[in-house]
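In what follows, a single structure is set out as structure tokens and then discussed.
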Amino acid sequence: MAGIIGYGAYVPRQRIKVEEIAKVWGADAPSYKKGLMLEEKSVPAPDQDVITMSVEATRNAIKRAGIDPKEIGCIYIGSESHPYAVKPSGTVVAEAIGATPDIHCADMEFACKAGSEGMYVSFGLVTAGLVKYGLGIGADTSQGAPGDALEYSAAAGAAAFLFGKDNVVAEVRETYAYMTDTPDFWRREYEHYPKHGGRFTGEPAYFQHTLSCATGTMERAGMTPEDFTFAIFHQPNGKFPLRAALKLGFTREQIVPGWLSPRLGNTYSGASPIGLSATLDVAKPGDTILMVSYGSGSGSDGFVFEVTDKIDEVRNLAPLTTDYLDKNKIYLDYGTYAKYRGKIRKG
Amino acid sequence: MGLTTARYWREVPQRYRMEAGECTACGEIHFPPRRICMKCGKQKFETVVLPDTGKVITWTVIRVAPDEFTDLSPYAVCLVELENGVRLMSQLVDVDLDEIEMGLPVKIEFRRIREDGADGVLFYGYKVVPA
Ligand SMILES: [Zn+2]
């Protein structure tokens with residue numbers, strides 16, 4: 001059965017604390033920390049973007065899979081912050097990992113769901129036998145407008161997953177997708193920052209789709225929350241995934257390894273994929289994992305994974321997700337952060 | 001000024017994948033790849049991929065940068081010796097400039113090298129970060 005044969009994450013070293021942002025805008029830091037359960041977020045360096053982070057995450061995935069990159073038959077990078085408006089990110093990444101020219105490539109976009117889409121399609125092509133290995137990546141360096149609530153959470157990171165049929169680390173046992181037209185968050189062409197529907201982003205959007213997709217995925221798999229070792233939900237802030245988990249009947253313990261947003265922020269297309277990578281880092285053979293992404297607009301992709309004996313062999317072949325999260329952090333003040341993110345207008 | 005798109009594109013194998021040329025006669029590894037071996041003068045090479053870790057041999061801090069890099073200054077440029085002995089020049093990033101020292105373990109990371117203005121091509125390649 002097809003599944004993940006290699007995985008890898010990447011998170012930039014720079015961080016900014018919620019207090020540092022709140023100080024500048026005269027906002028109430030405790031309300032963000034308690035209300036949205038956010039402590040700090042990652043910030044890309046000026047020379048980092050979706051392409052560079054995708055390359056690093058993929059190199060880690062290849063180290064774990066131990067495959068020849070020339071045999072990767074498709075690459076799908078999901079992001080809402082591709083560096084070019086026109087010109088694929090995937091071509092650069094495929095070239096950097098040595099997977100060109102016999103490879104199918106498309107950049108995906110669906111707000112925060114684009115990363116799991118690349119995984120979904122890669123898994124499908126591998127299952128169908130059209131490619132030997134498929135590569136799905138979720139990566140973002142998203143921005144919130146200065147002073148907007150999104151500025152406290154919009155973070156940077158990437159995770160990459162290689163799918164194949166041999167030496168599988170985590171089998172895909174079930175997939176399901178749930179989608180409706182719900183305008184909760186959007187960005188029009190040529191606009192710098194996205195707009196959102198405030199409270200409308202909660203119940204009819206994030207929760208409706210995440211809970212429906214999770215329920216649908218479990219029904220199809222014939223499983224209930226007690227059957228899972230771990231679960232990962234999209235994490236636009238610290239609070240939403242915890243609430244979704246508890247509503248569905250999962251415990252806090254089940255989501256802890258992949259619940260990264262309080263100290264990472266929202267990595268958009270990278271969010272649930274990086275959560276999955278962190279969960280695989282601690283998973284044992286036989287563990288079952290539910291992953292549900294969410295992308296505004298709106299939709300969710302659901303996956304059920306079953307971890308194999310192979311996990312113990314590959315785990316330490318590349319840096320762990322928590323190495324990136326907790327080691328060698330560089331804290332920025334708001335001025336440096338604003339400069340790094342191009343928020344300062346020069347003439 | 002600087003890198004043209006055509007030259008950047010020709011140099012993708014070395015800039016993206018750290019591909020070097022190993023002389024089939026004497027084994028000397030050249031990075032960037034060359035046409036003629038500096039050591040024995042022969043002209044046949046095999047492509048080898050360089051290791052992604054090494055250490056700082058020496059470094060300098062650029063405080064007055066060329067125009068297109070002024071936003072990044074001050075920044076460090078260093079000579080790195082990779083695990084197989086091959087040496088290369090690279091920008092050293094994600095580092096506190098006061099903490100750079102000889103022998104500092106570093107690793108290669110894929111980064112944006114420069115951009116051709118706000119509407120031009122983005123150039124990618126390697127830089128080093130503390131390991
Ligand atoms: Zn020679």
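Quick note: numbers below take in every heavy atom, side chains included, and nothing from hydrogens, waters or symmetry partners. What you are looking at is a predicted structure, and each value in this text was computed from that prediction instead of being measured. First the proteins, then the strands, lettered A, B, ... as listed; each starts at 1.
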**Request:** Please state whether the side chain, the backbone, both or neither of A:Val92 comes within less than 4.5 Å of a heavy atom of chain B.
**Result:** both

Please tabulate the donor-acceptor pairs under 3.5 angstrom that span chain A and chain B, backbone and side chains included.
residue	atom	partner	partner atom	Å
A:Tyr10	OH	B:Glu109	OE1	2.7
A:Tyr10	OH	B:Glu109	OE2	3.4
A:Arg13	NH2	B:Pro130	O	2.7
A:Asp47	O	B:Arg112	N	2.8
A:Asp47	OD1	B:Arg111	NH1	2.8
A:Asp47	OD2	B:Lys127	NZ	2.8
A:Asp49	OD2	B:Arg112	NE	2.8
A:Asp49	OD2	B:Arg112	NH2	2.8
A:Asp49	OD2	B:Tyr124	OH	2.6
A:Glu56	OE2	B:Phe110	N	2.7
A:Arg59	NH2	B:Tyr16	O	2.7
A:Lys63	NZ	B:Asp52	OD2	3.4
A:Tyr84	OH	B:Leu122	N	2.7
A:Glu95	O	B:Arg17	NH1	2.7
A:Glu95	OE2	B:Arg17	NH1	3.0
A:Lys339	NZ	B:Asp71	O	2.9
A:Lys346	NZ	B:Asp71	OD1	2.8
A:Lys346	NZ	B:Asp71	OD2	2.9

**Request:** Measure B:Val49 against the heavy atoms of chain A and call it side chain, backbone, both or neither at under 4.5 Å.
**Result:** neither

**Message:** Quick check for you: among A:Ala45, A:Ala96, A:Pro83, A:Pro319, which has the greatest number of heavy-atom pairs under 4.5 Å with chain B?
**Reply:** A:Ala96

**Message:** Please classify the contact of B:Pro13 with chain A as side chain, backbone, both or neither, using a heavy-atom distance under 4.5 Å.
**Reply:** neither

